[in-house]
Amino acid sequence: MATEEAAAFGFPAEVRPGATRVGWIGIGVMGGAMAGRLLAAGYAVTAYARTPAKADSLVAAGARLAGSPAAVAAASDVVFTMVGNPGDVRAVVLDAATGVLAGLRPGGVLVDCTSSSPSLAREVAAAARAAGCHAVDAPVSGGDVGARDGALAILAGGDEAVVAWLAPLFAHLGRPTYMGPPGSGQSSKIANQIAVAGAVVGLGESLAFADAAGLDTRQFLGAISKGAAGSRVMDLFGERVLSRDFASGGAVRYIIKDLGMALEVGDGQEEVNVLPGSALYRQLFSAMVANGDGDLCLQGLITVVERLNGIRK
């Protein structure tokens with residue numbers, strides 16, 4: 001009887017609007033947009049935010065607000081988390097009294113979209129399995145525009161069957177790719193962030209140089225975007241740099257965190273990661289924080305290049 005109940009709840013019961021109940025924890029720039037897309041697709045959404053006012057727009061659109069991660073989980077078949085850092089993941093998922101796994105019934109599925117630690121993802125997966133549940137680490141790439149448009153790259157680690165089962169939900173958020181066992185999604189996101197960081201640094205330096213050389217920077221950007229220098233990073237951030245819009249997108253502190261995880265010694269497998277480019281990128285982004293610009297977004301990196309060259313804007 002217990003097995004039949006588990007089968008009727010969560011995985012592997014069919015995922016469909018009006019039947020599958022979704023929980024969402026973390027209503028920031030990315031999380032709010034992603035949860036809103038699932039709500040608009042007809043899924044019942046129960047949300048938790050440490051600052052309840054951040055959920056006002058979701059509640060106005062029909063979401064229900066719960067008082068704790070455990071309460072969200074108790075009302076959900078699938079719970080998504082999109083919080084700030086690994087410490088937040090540990091608190092909202094593993095806390096014995098208020099965490100997601102304290103409230104999620106057997107058969108329920110946790111999907112962590114936070115950019116977090118691979119070793120923590122493996123720990124969460126093991127804890128979920130011990131509770132008769134399932135956990136998928138599924139960090140995303142694509143920024144606020146991708147979250148808004150449902151065009152995110154979703155890097156999923158965990159049980160391949162569970163990742164496939166989540167496809168109807170992922171379809172409203174972006175394009176999922178199964179990366180491997182638990183922790184593989186997080187390792188993929190860290191590697192992704194190394195590539196993004198390098199592209200953002202290159203974009204900032206090239207535009208600062210072009211401007212100092214007296215070029216029309218908008219014309220310059222349009223010209224090189226069609227050649228080998230063109231990239232998704234350029235598409236997302238190029239116009240924002242030109243218009244000095246450094247407020248749109250995720251705060252720079254998140255990529256500092258991600259690059260820090262890339263440089264960490266250990267994580268249960270590797271002895272050391274020698275990534276000199278990543279170390280330099282992290283220092284440059286950290287300079288934004290040192291300059292008092294820690295709440296600005298990635299594209300604000302050009303301000304560091306300008307300061308280093310005595311350029312005042």
Inset, instruction - Please report the C-alpha distance between T177 and I154 in whole Å, then the side-chain angles of each, then the deciding distance to 0.1 Å, and finally whether the side-chain contact (heavy atoms from CB on, under 4.5 Å) criterion is met. - result: CA-CA 6 Å; T177 301; I154 303 167; over 6 Å; no
Inset, instruction - Test L221 against E239 for side-chain contact (heavy atoms from CB on, under 4.5 Å), laying out the working first. - result: CA-CA 9 Å; L221 190 66; E239 179 56 37; 5.6 Å; no
Inset, instruction - Given side-chain hydrogen bond (donor to acceptor under 3.5 Å, both in side chains), test T20 with D77 step by step and report yes or no. - result: CA-CA 6 Å; T20 304; D77 301 283; 5.3 Å; no
Inset, instruction - Before giving the answer on side-chain hydrogen bond (donor to acceptor under 3.5 Å, both in side chains), spell out for T114 and S116 the whole-Å C-alpha distance, their side-chain angles and the decisive distance to 0.1 Å. - result: CA-CA 6 Å; T114 311; S116 185; over 6 Å; no
Inset, instruction - Take V72 and V100, measure what side-chain contact (heavy atoms from CB on, under 4.5 Å) needs, and give me the verdict at the end. - result: CA-CA 7 Å; V72 169; V100 170; over 6 Å; no
Inset, instruction - Report the C-alpha distance between L65 and Y48 in whole Å, list the side-chain angles of each, state the deciding distance to 0.1 Å, and finish with yes or no for side-chain contact (heavy atoms from CB on, under 4.5 Å). - result: CA-CA 6 Å; L65 197 61; Y48 169 78; 5.8 Å; no
Contacts table for residues 201-211: side-chain donor-acceptor under 3.5 angstrom, sequence neighbours left out:
| residue | atom | partner | partner atom | Å |
| --- | --- | --- | --- | --- |
| S206 | OG | G202 | O | 3.2 |
| S206 | OG | L203 | O | 2.9 |
| D211 | OD2 | K313 | NZ | 2.6 |

Side-chain donor-acceptor contacts of residues 292-312 below 3.5 Å, not counting sequence neighbours, with atom names and distances?
| residue | atom | partner | partner atom | Å |
| --- | --- | --- | --- | --- |
| D295 | OD1 | R253 | NH1 | 3.3 |
| Q299 | NE2 | D245 | O | 2.9 |
| Q299 | NE2 | S248 | O | 2.9 |
| T303 | OG1 | G300 | O | 2.6 |
| E306 | OE1 | R244 | NH2 | 3.0 |
| E306 | OE2 | R244 | NH1 | 2.8 |
| N309 | ND2 | V305 | O | 2.8 |

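Looking at Y254, its side chain never comes within 3.5 Å of a backbone N or O of N85 through a donor-acceptor pair. In this structure, the side chain of K257 engages the main chain of G84 through a donor-acceptor pair within 3.5 Å. For R37 (side chain) and H172 (main-chain N/O), a donor-acceptor pair under 3.5 Å exists by modelled atom type. Looking only at distances, a side-chain donor or acceptor of S117 sits under 3.5 Å from a matching main-chain atom of S119. Without hydrogens or angle criteria, D137 side chain to G183 main chain gives a donor-acceptor distance under 3.5 Å.
Counting heavy atoms from C-beta outward, V136 and D112 have side chains that stay 4.5 Å or more apart. Taking 4.5 Å as the limit, every side-chain heavy atom of D216 sits out of range of all side-chain heavy atoms of F220. By the 4.5 Å heavy-atom criterion applied to side chains, W165 and V15 are counted as neighbours. You'll find the side chain of V22 stays beyond 4.5 Å of the side chain of V79, heavy atoms only. Between M34 and V140 there is a side-chain heavy-atom pair separated by less than 4.5 Å. Within the 4.5 Å cutoff, side-chain heavy atoms of P139 are placed close to those of Q186. V89 is not listed as a side-chain neighbour of T81, based on a closest heavy-atom distance of 4.5 Å or more. Looking at heavy atoms from C-beta onward, I256 lies out of side-chain contact with M288 at the 4.5 angstrom threshold.
Using bins of under 30°, 30° to 60° and over 60° for the plane-to-plane angle, the ring pair W24/F80 lands in the parallel bin.
Rounding to the nearest 0.5 angstrom, the gap separating the CG atom in L259 from the CG atom in L263 is 6.5 Å. Separation of atoms CZ (F11) and SG (C133) is listed at 12.5 Å; rounding is to 0.5 Å. To the nearest 0.5 angstrom, Q193 atom CD is 13.0 Å from Y281 atom OH. Atom SG of residue C113 and atom CZ of residue F170 lie 6.5 Å apart, to the nearest 0.5 angstrom. In this structure, OG in S278 is found 12.0 Å from CE in M261, a value given to the nearest 0.5 Å. Taking OG of S115 as the start and NZ of K189 as the end, the distance is 2.5 Å to the nearest 0.5 Å.
Hydrophobic clustering of Ile, Leu, Val, Met, Phe, Trp and Tyr side chains at less than 4.5 Å, counting indirect connections, unites L110 with L94.
Shown here is K54, whose NZ atom has no more than 12 heavy atoms of other residues, nucleotides or ligands within 6.0 Å. Environment of CD in Q283: sparse, with no more than 12 heavy atoms of neighbouring residues, nucleotides or ligands closer than 6.0 Å.
When every heavy atom of T46 is checked against every heavy atom of S76, the shortest pair comes out as CB-OG, 4.4 Å. A pairwise comparison of heavy atoms in L101 and A127 identifies CD1-CB, 3.7 Å as the closest pair.
Remark: R50 engages D88 in a salt bridge, criterion side-chain N to carboxylate O under 4.0 Å.
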